[in-house]
2 protein chains.
Amino acid sequence: MDGSISEPVKTKRSRPVLVADEIKEWVVKKDLKSGDKLPNESEMIDLFGVSKGTVREALRILEAQGLISTKTGPGGGSIVAKVSVERTRALLANYFYFQDLSIADIYQMRKVLEPELAASLAGKLSKEQLSQLKQLVDKYPQPSKSAEEEREQHIASLAFHQKLSEFGENKLLGFIIGFMAQILTDLTLYKRLYEPPNVKLWQEGREHQLKLLEVLQDGNSEKARKVMQSHMLIAEALMHKQEAEIVRRFIAE
Amino acid sequence: MDGSISEPVKTKRSRPVLVADEIKEWVVKKDLKSGDKLPNESEMIDLFGVSKGTVREALRILEAQGLISTKTGPGGGSIVAKVSVERTRALLANYFYFQDLSIADIYQMRKVLEPELAASLAGKLSKEQLSQLKQLVDKYPQPSKSAEEEREQHIASLAFHQKLSEFGENKLLGFIIGFMAQILTDLTLYKRLYEPPNVKLWQEGREHQLKLLEVLQDGNSEKARKVMQSHMLIAEALMHKQEAEIVRRFIAE
DNA sequence: TAAGATTTGTTCGTATGTATC
DNA sequence: GGATACATACGAACAAATCTT
C-alpha cells in the first residue's frame with residue numbers, strides 16, 4: 001500500500017512506521033480487499049522480526065488512517081477496512097484547522113460545484129431517491145417561528161445537499177460537496193442565534209428545492225443547473241449573516 | 001482537539017484511542033499552536049494513568065494523522081505539528097483507493113474549478129509569482145519529439161497548475177486543485193507510453209498557458225476564466241488518450 | 001450458563017539509541 | 001568525551017474481550 005501520491009522521503013522513519021509500510025505493501029502484494037484478514041499479532045512479530053509493542057504501534061497507525069480495523073477474541077485480529085467517508089472528512093478537516101477558511105471560500109466552491117452536480121443528476125434519479133429528497137424538503141414545510149427552528153430547518157436543508165451528493169457517479173465531486181455540507185452543518189449547530197428568522201429568504205430557498213426536484217425528475221439538465229445556481233445565492237445570503245469563525249475546532253479521528 | 005466534524009459515536013474505543021482523544025482535548029484546551037511542546041512520555045503516563053506502551057500507541061495515532069511530530073534526545077518529545085498538505089493528500093487518496101475515480105470524473109471538476117481559480121487570481125499575482133509560472137511554461141518551449149519527452153512536458157504543465165493553486169486565497173479550492181494535479185501527475189509518471197506526441201494539441205496547450213499569464217497580469221478576470229476553460233478542454237483531450245486506471249495504488253502515511 | 005480457547009489489550013522492567021550540553 | 005534527558009524497543013506476564021462447545 002504505497003506509491004501513487006508521492007510523499008517527500010522521510011530521513012529517519014521509526015520502526016513502527018516502517019512496519020506499517022511493510023504491512024501496506026503486504027496487503028497490496030497479496031491484493032487483499034476490504035474485509036480480508038491480516039496476520040495476527042504473533043505472526044507479524046515473526047514475520048517482521050520486531051516486538052509486540054512495535055507491531056501494535058504499527059497497527060494503531062494503520063487504524064488511525066482508517067485502513068484496518070481490529071477485533072479481539074477467536075476469529076478476531078485485524079482486517080483490511082474501507083476507509084470511511086466520515087473518517088476521511090475528519091482527516092481533511094484537521095488540515096483546515098491550520099488554514100483560514102471563510103464562509104466565502106466555501107461558497108465560492110459551492111456555487112460552481114453544486115450546479116454541476118445538479119446538472120449531472122438530471123433524469124438519473126430513481127423514484128426512491130427522489131422521494132428521499134422530498135422527505136427532507138417536507139420536514140419543515142412552514143416558515144420557522146423562532147431562531148432555534150430556523151437552525152433546524154437550515155440543517156435539514158444541508159442534509160438535502162448531503163443526500164444529493166451521495167447520488168452522483170462522480171465520487172470526488174460527491175465527497176467535496178458532502179464535506180462542505182458537513183462543515184456548514186457543524187457551523188450551524190454551534191452558531192449563536194441572534195438574527196430573527198428571515199421568512200422571505202427561507203421561502204425562496206424551499207421553493208428552489210421543490211423546483212429542483214421537479215426538473216431533476218424531468219431530466220432537464222440545464223434547468224437543474226440554473227435552479228441550483230439561484231439556490232446557492234440564497235443559501236449564501238442566509239449563511240453570510242453569520243460571518244462566523246470556521247473550522248476552528250480540532251477533529252476526532 | 002475534537003468536535004467540529006461529528007463522527008459517529010464508537011462503542012468500544014480502545015485505550016490508546018481514548019488517550020489520543022484526551023491529548024487532542026488537552027491541546028485545544030491549552031490552545032497550543034503548531035510547534036508547542038506536549039508533555040513527555042513519563043508525564044503523560046502520570047497525567048492519564050496509563051502505561052508507557054499505551055501512551056506510545058496514542059502518540060503513533062496522532063503522528064499518523066499528522067497532528068504531532070516526535071523527536072528523541074534532550075529537549076525532544078512531541079510537538080504539535082501543522083498537518084501538511086502532502087500528508088493530507090495521501091490520506092484523501094487512501095479514501096479513493098476504495099472508490100472508482102475516472103479521468104472523466106477529475107476533469108468534470110477541473111473544468112469548473114480551474115477557471116474559477118484563474119478568474120479569482122487575475123490581477124492579484126506578484127511579479128515574482130508570474131515569473132515562477134513563466135519558468136514552468138518555458139521549461140519545454142519546443143514540441144516534444146518523443147513520447148518520453150511528452151511525458152515530461154505534461155508533468156511540467158501539471159506543475160504549472162499546482163503552482164497556480166498555491167497562489168489563491170481560497171485554501172479549499174487550492175487544495176482540491178492541487179490534489180487533482182497530484183493524481184494526474186502520478187498517473188502520468190506511471191503511464192505506459194504508446195501514443196506518438198500530438199504536436200497540435202501540445203502547441204495549443206502551451207499557447208493557452210502563455211495567454212493565461214498575459215491576462216492574469218492584465219487583471220482581466222473574465223478573460224482568464226475563458227482562457228482556462230479552453231485550456232481544460234485541451235488538457236482533457238490529451239489525458240483521455242490514456243483512459244487509464246486511476247488511483248489504484250495504496251498510499252504511504 | 002459456564003468453561004475453555006483464542007486473540008487482542010495493557011502493564012512493567014530493562015536495555016538501547018540519540019541528541020544536547 | 002561524559003553526563004543528562006529523552007524517545008525507542010524488547011520480552012514476559014497478566015487482563016479483557018469474544019467465540020465455541
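The chains referred to below are lettered A, B, ... by the order of the sequence lines, with proteins before strands, and numbering in each begins at 1.
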Open item on the list: One character per nucleotide, please: for nucleotides 4-13 of chain C, 5' to 3', B when the base has a protein heavy atom closer than 4.0 Å, S when only the sugar-phosphate does, - otherwise.
Closed with: -BBBSBBB-B
TODO: Tell me yes or no: between the side chains of Q65(B) and Q65(A), is some donor less than 3.5 Å from an acceptor?
DONE: no
Task: From M109(A), Q108(A), E116(A), residue fulfilling side chain to side chain contact (heavy atoms under 4.5 Å, CB included) relative to L113(B) - done: M109(A)
Open item on the list: Can you confirm whether the side chains of E166(A) and Q162(A) place a donor and an acceptor under 3.5 Å from each other?
Closed with: no
- [ ] Decide, yes or no, whether a salt bridge links K30(B) with D36(B) under the criterion of side-chain N to carboxylate O below 4.0 Å.
- [x] no
Task: Partner set under side-chain contact (heavy atoms from CB on, under 4.5 Å) for V85(B), not counting sequence neighbours - done: Y95(A), R89(B), F175(B)
